[in-house]
Amino acid sequence: MLSYRHAFHAGNHADVLKHAVQALILEALCAKDKGFCYIDTHAGAGGYTLGHEWTQKKAEYLGGIAPLWQQREQWPELAGYFAAIRAMNQDDRLDHYPGSPLVAAHFQRPQDRLVLMELHNNEVDNLRHNLGGEGVAIHHRDGFEGLVGLLPPTPRRGLVLIDPPYELKEDYRRVADTLQKAHQRWPIGIYAIWYPLLAKAVDRSAGLKQALARCGFERMLCAELSVGPQAEDFGMHGSGMVVLNPPWKLDEQLAGLLPRLAQTLGQDGQGGWKLDGTGDKPPTG
Ligand SMILES: C[S@@+](CC[C@H](N)C(=O)[O-])C[C@H]1O[C@@H](n2cnc3c(N)ncnc32)[C@H](O)[C@@H]1O
């Protein structure tokens with residue numbers, strides 16, 4: 001039974017990290033005329049209305065995109081991410097927030113393809129309502145299995161976003177297993193994997209990173225953003241993104257971005273960040 005609904009968390013600090021990194025990678029792919037394929041293994045509804053009662057329940061966006069949106073002129077490095085948000089809103093308002101599929105759709109050109117997978121019956125209906133048309137394929141299926149079956153994609157360059165809810169412990173194992181198989185089939189793809197930083201009793205981020213390190217991927221960046229201290233028993237104080245085959249200079253971009261995000265979104269000055277790994281490789285063909 002799938003119970004997770006992303007509307008409860010739309011626009012929170014974890015979405016900011018995930019979608020900011022996603023937008024930077026898509027911008028890098030758009031630097032060339034050659035088409036790209038974007039694959040979202042856990043797409044969610046595609047976009048969210050911040051006034052919706054589910055989103056208002058904890059109004060997590062007030063500690064995420066809302067404070068950033070107010071000072072967006074001061075963040076030229078996030079212009080692409082903000083443009084994707086602006087495309088959903090009237091004037092300067094922040095009534096709607098894009099999920100990862102609508103962030104990707106914002107960057108899509110005629111030569112690019114989006115492949116979106118979602119398993120939840122209602123959420124896939126919402127996704128079909130929010131996106132569709134030329135160059136967009138929506139699959140109602142398991143994203144882990146689906147990814148391996150779809151690789152290598154056409155066009156041959158592109159990005160895979162893996163963003164499971166991690167409600168099931170097996171999601172952690174499936175991320176590492178799936179990545180290993182996916183990477184064998186499509187070694188040149190860029191893969192971005194989101195994961196939560198949770199309270200001490202339940203956090204599994206270290207195990208996930210160890211499992212990924214054991215895969216022996218050559219170029220892997222790991223960016224983490226926390227907005228408060230780690231609790232003992234429950235709660236998510238931050239999140240991370242692992243990026244395999246990061247675009248050129250993403251490490252430098254993140255090294256500039258993460259400290260500022262930690263300062264702006266950190267509660268009571270308790271924000272933190274980390275950036276590990278190797279990324280750089282000059283662009284080719
Ligand atoms: C964190 S949300 C995705 C949010 C979205 N990527 C975004 O950034 O806007 C995770 C989604 O994965 C879906 N899901 C859970 N297990 C899945 C699976 N095995 N395959 C595909 N989708 C799954 C859930 O229904 C949920 O909508």
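All values reported here derive from a predicted model rather than from experimental measurement. Sequential numbering from 1 along the given sequence is applied to the chain's residues. Just so you know, ligand 1 is whichever comes first in the structure, and atom 1 is the first atom listed for that ligand. Hydrogens, waters and symmetry mates play no part in the numbers below; they use all other heavy atoms, side chains included.
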Cation-aromatic face contact R260/W75, 6.0 Å, 45 degrees
yes

Would you check whether D15 has a nitrogen or oxygen atom less than 3.5 angstrom from a nitrogen or oxygen atom of ligand 1?
no

Hey, is the main chain of P187 close enough, under 3.5 Å, to the side chain of N245 for a donor-acceptor pair?
yes

Carboxylate-amine/guanidinium proximity below 4.0 Å for K181 and D177
no

Looking at R141 and E118, is there a salt bridge between them, counting it only when a charged N and a carboxylate O are closer than 4.0 Å?
no

Could you check whether any heavy atom of L102 sits closer than 4.0 Å to an atom of ligand 1, since that is the contact criterion I want to use?
no

Looking only at protein heavy atoms, which one is nearest to atom 2 (S) of ligand 1, and what is the separation?
Y4 CE2, 3.4 Å

Using a 4.0 Å heavy-atom cut-off, say whether A10 meets ligand 1 through its side chain, its backbone, both or neither.
neither

The closest protein heavy-atom partner of atom 20 (N) of ligand 1 is G143 N, 2.8 Å

Would you confirm whether R157, through its side chain, and G189, through its main-chain N or O, come within 3.5 Å as a donor-acceptor pair?
no

When you look for heavy atoms under 4.0 Å from ligand 1, do you find them on the side chain of T41, its backbone, both, or neither?
backbone

Per-residue contact class, H19 against ligand 1 - non-hydrogen pairs under 4.0 Å:
side chain

Per side-chain hydrogen bond (donor to acceptor under 3.5 Å, both in side chains), Q22 is matched among Y81, Y38, W194 by Y38

Salt-bridge present (R174, D142; N to O < 4.0 Å)
yes

Heavy-atom contact under 4.0 Å between R141 and ligand 1?
yes

Ranked by distance from atom 4 (C) of ligand 1, the top protein heavy atom is D163 OD2, 3.2 Å

Would you mind checking which non-hydrogen protein atom is closest to atom 22 (N) of ligand 1, with the distance to 0.1 Å?
L119 N, 3.3 Å

Students should be able to answer this: which protein heavy-atom is nearest to atom 23 (C) of ligand 1, and at what distance?
H42 CD2, 3.3 Å

Residue-level breakdown please: for K18 versus ligand 1, do any non-hydrogen atoms fall below 4.0 Å on the side chain, on the backbone, on both, or on neither?
side chain

Heavy-atom proximity to atom 13 (C) of ligand 1 ranks first, among H6, E118, H120, M117, for E118

Got a salt bridge between D92 and R72, using NZ or NE/NH1/NH2 to carboxylate O under 4.0 Å?
yes

Is the gap between the ring centers of Y166 and Y195 under 6.0 Å?
no

